[in-house]
Asks: 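Can you read through this structure? Questions will come right after.
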Amino acid sequence: MDIFIQQILNGLSIASVITLIAIGVTLIFGLTGIINFAHGEFLMIGGIVTWLAVSAGLGFALAVVLAILAVGLMGYVLERGLFRFTLERPTNGFIVSLGLIVVLQHVVVLFWNPNQKSIPRPLTTVWEVGGVRIASVRVMVILITIAVVALSFRMITASRYGRALRASVEDRDTAALMGIPVRRYITGVFVLGSALAGLGGALLIALFPITPFTGGTMVMKGFAVALIGGLGNIYGAVAAGLILGIVEGFSAGYGFSQWTDAYSFVLMILVLIVRPHGLFGGTSGPRMAS
């Protein structure tokens, strides 16, 4: 039981990072219909910015803020310069995102080499409760994710911006006729999703070393979470992230750690066979479940 609880805690910390990716993916898909496979590279860039900032002598908290701002700005530039021209043909946006994977990876390799990058753990305290060792850095990752997700929900469900965003998701043309600046909201969603990926990268490098190719594995799990929950449903993405953390913790805790990734995707396949729109219902176009 101690091993199981230990691995559940470990799995939830990684699932927290994956959930941040999944929320960004599902927000962008919900409003634009574009599946952005380069989102994992956004996370990787967030980790690289954090590594650069910490290596320059800045504290971890400031490095996290810089990663969020830098990747958010990158999302703004890419939306304005690339994705905006693919809104009427989301398949082109998908293809653009595939190209961005290669470009961003090579840019990082060119300037900072392909080797692993790591930072000193920002928190080193380990608490022992019974036979369970609880690393404070993992608790930090989980708590930050909970806070960010709660703020995102609050913004989307209770603010004026969120109401206009949901209206835009339901019907972009009608929302535009009602005076909502839909294009501006699309840019805002790209920035928000990118900033969440930047935060995810900063939290990931606090746990593990990263490389320029880390984004590939993480974004695949992010899409698995988004699909399990229901692509386009941010509530489903969060719930599916929790489920994924439990599944990965269970598999690692009982001697199947080498199959952890496989179990995640087996779960996705089974869910999609039984419920094609995900456990909590997804969308098939530019609309988001609310």
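Note that these values count all heavy atoms, side chains included, but never hydrogens, waters or copies made by symmetry.
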Asks: Tell me the closest heavy-atom pair linking Ser97 and Ala38, and the distance in Å.
Replies: O-CB, 3.4 Å

Asks: Is it the case that one hydrophobic cluster holds both Val189 and Phe94, taking links as side-chain heavy atoms less than 4.5 Å apart, direct or via other members?
Replies: yes

Asks: Out of Phe29, Phe223, Phe42, which one pairs with Phe37 under the ring pair (Phe, Tyr, Trp, His ring centres under 6.0 Å) rule?
Replies: Phe223

Asks: Excluding sequence neighbours, so at least two apart, what forms salt bridge (Lys or Arg N to Asp or Glu O under 4.0 Å) with Arg163?
Replies: none

Asks: Ignoring hydrogens and angles, tell me if any N or O in the side chain of Ser55 forms a donor-acceptor pair with the backbone of Trp51 under 3.5 Å.
Replies: yes

Asks: Can you tell me which residue pairs pass the salt bridge (Lys or Arg N to Asp or Glu O under 4.0 Å) test with a partner in residues 132-159, sequence neighbours excluded?
Replies: Glu128-Arg133

Asks: Return the OG1 to CD distance between Thr214 and Glu41, rounded to the nearest 0.5 Å.
Replies: 9.0 Å

Asks: May I have the list of side-chain donor-acceptor pairs in residues 139-152 shorter than 3.5 Å, sequence neighbours left out?
Replies:
{"unit_1": "Thr145", "atom_1": "OG1", "unit_2": "Val141", "atom_2": "O", "d": "2.9"}
{"unit_1": "Ser152", "atom_1": "OG", "unit_2": "Val148", "atom_2": "O", "d": "2.9"}

Asks: Quick one: do Val54 and Phe208 end up in the same hydrophobic cluster if we chain Ile, Leu, Val, Met, Phe, Trp and Tyr together by side-chain heavy atoms under 4.5 Å apart?
Replies: yes

Asks: Enter the distance from Ile14:CD1 to Leu9:CG here, rounded to the nearest 0.5 Å.
Replies: 12.5 Å

Asks: Nearest 0.5 angstrom please: His39 NE2 to Leu27 CG, how far?
Replies: 8.5 Å

Asks: In the hydrophobic clustering (ILVMFWY, side-chain contacts below 4.5 Å, transitive), which residues join Val77, or is it alone?
Replies: Leu73, Tyr76, Val191

Asks: So which heavy atom on Val108 is nearest to which on Ile45, and how close?
Replies: CG2-CD1, 3.5 Å

Asks: Take Val219 and Ile101 through the side chain to side chain contact (heavy atoms under 4.5 Å, CB included) test and state the conclusion after the steps.
Replies: CA-CA 11 Å; Val219 79; Ile101 293 174; 6.0 Å; no

Asks: Between Gly33 and Pro90, which heavy-atom pair has the shortest distance, and what is it?
Replies: O-CB, 3.3 Å

Asks: Between Val225 and Ala22, what is the shortest heavy-atom contact and its length?
Replies: CG1-CB, 3.6 Å

Asks: Ignoring hydrogens and angles, write down the donor-acceptor pairs under 3.5 Å from the side chains of residues 194-204, residues two or more places apart or on other chains.
Replies:
{"unit_1": "Ser194", "atom_1": "OG", "unit_2": "Phe190", "atom_2": "O", "d": "2.7"}

Asks: Treating Ile, Leu, Val, Met, Phe, Trp and Tyr as nodes and any side-chain heavy-atom pair under 4.5 angstrom as an edge, say whether Leu104 and Val102 lie in one connected cluster.
Replies: no

Asks: For Thr32 and Phe83, run side chain to side chain contact (heavy atoms under 4.5 Å, CB included): C-alpha distance rounded to whole Å, both residues' side-chain angles, the deciding distance at 0.1 Å, then the answer.
Replies: CA-CA 9 Å; Thr32 68; Phe83 288 107; over 6 Å; no

Asks: Considering all heavy atoms of both residues, which atom of Gly278 and which atom of Leu272 are nearest to each other, and what is their separation?
Replies: N-CD2, 4.4 Å

Asks: Would you please name every residue forming a side-chain contact (heavy atoms from CB on, under 4.5 Å) with Arg184, sequence neighbours left out?
Replies: Pro181

Asks: What about Val109 and Leu52, same hydrophobic cluster or not, with Ile/Leu/Val/Met/Phe/Trp/Tyr joined at side-chain heavy-atom distances under 4.5 Å?
Replies: no

Asks: Do you know the tightest heavy-atom contact between Gly229 and Ala240?
Replies: N-CB, 3.6 Å

Asks: When rounded to the nearest 0.5 angstrom, what is the spacing between CD1 in Ile34 and CD1 in Ile186?
Replies: 8.0 Å

Asks: NZ/Lys117 to OG1/Thr50 distance, rounded to the nearest 0.5 angstrom?
Replies: 13.5 Å

Asks: Counting only N and O atoms by type, is there a donor-acceptor contact under 3.5 Å from the side chain of Arg275 to the main-chain atoms of Gly230?
Replies: no

Asks: With a 4.5 Å cut-off on side-chain heavy atoms, are Met268 and Leu244 touching?
Replies: no

Asks: Hey, are the side chains of Asn36 and Val25 touching, using non-hydrogen atoms and a 4.5 Å cut-off?
Replies: no

Asks: Just wondering, do Val137 and Pro122 contact through their side chains at under 4.5 Å, heavy atoms?
Replies: yes

Asks: Heavy-atom count around Met178 CE within 6.0 Å, excluding the residue itself: above 12?
Replies: no

Asks: Do you reckon Val266 sits in the same ILVMFWY cluster as Val274, going by side-chain contacts under 4.5 Å, direct or chained?
Replies: no

Asks: Is there side-chain contact between Pro212 and Trp112, with heavy atoms separated by less than 4.5 Å?
Replies: no

Asks: Any side-chain heavy atom of Met44 within less than 4.5 Å of one from Ile48?
Replies: yes

Asks: Out of curiosity, Ile210 CD1 to Ile119 CD1, how far, rounded to the nearest 0.5 Å?
Replies: 9.0 Å

